[in-house]
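Data first, discussion second: the structure below is written as structure tokens.
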Amino acid sequence: MTSIREFQNLMRRLYRVRDSKRGAKATHDWLKEEVDELYEAIEAINKEGIAEELADVLAWLASLANVLGVDLEEAALSKYAGSCPKCDSSPCICTSERKEP
Ligand SMILES: [Zn+2]
């Protein structure tokens, strides 16, 4: 099994030079583009496309974390450490939906 950290390290090995040259803003823009492509695949009910776009979103998220020097696994698991960060329950018992962007 590959962990989030191992996947982030793989992205670093593959794309470190390109990612660091591109920088945070452009890498963020690519991530947004991939999220938009994911939605297009969802709308088209294209299961294969959805899986590919989810993989791209994860890859660009890991690249952005690399550019910013953030350990994605540590960040994710420290915030989502087995329970909802708002109500501290598992499963979540919050009465309102997750915060909209
Ligand atoms: Zn909750």
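Counting starts at 1 for both ligands and their atoms, following the listed order. Only a predicted model underlies this, so the values are computations on that prediction, with no experimental measurement involved.
- Counting only residues at least two apart or in different chains, salt bridge (charged side-chain N to carboxylate O under 4.0 Å, His left out) contacts with residues 61-72 comprise Arg5-Asp71.
- Protein N, O or S atom count below 2.8 Å of the Zn ion (ligand 1): the structure gives 4.
- Residues Val67 and Ile4 are members of separate hydrophobic clusters, defined by side-chain heavy-atom contacts under 4.5 angstrom among Ile, Leu, Val, Met, Phe, Trp and Tyr.
- Within the structure, salt bridge (charged side-chain N to carboxylate O under 4.0 Å, His left out) pairs that include any residue of residues 56-66 do not occur (at least two apart or interchain).
- Residue Leu68 is grouped with residue Trp60 when hydrophobic side chains (ILVMFWY) are merged at heavy-atom distances under 4.5 angstrom, including chains of intermediate members.
- Cluster annotation: Leu58 and Met11 are assigned to the same hydrophobic cluster (Ile/Leu/Val/Met/Phe/Trp/Tyr, side-chain heavy-atom contacts under 4.5 Å, transitive).
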Review item, side-chain donor-acceptor pairs of residues 40-50, under 3.5 Å, at least two apart:
{"from": "Glu43", "atom 1": "OE2", "to": "Tyr39", "atom 2": "OH", "distance (Å)": "3.4"}
{"from": "Asn46", "atom 1": "OD1", "to": "Glu48", "atom 2": "N", "distance (Å)": "3.3"}
{"from": "Asn46", "atom 1": "OD1", "to": "Gly49", "atom 2": "N", "distance (Å)": "2.8"}

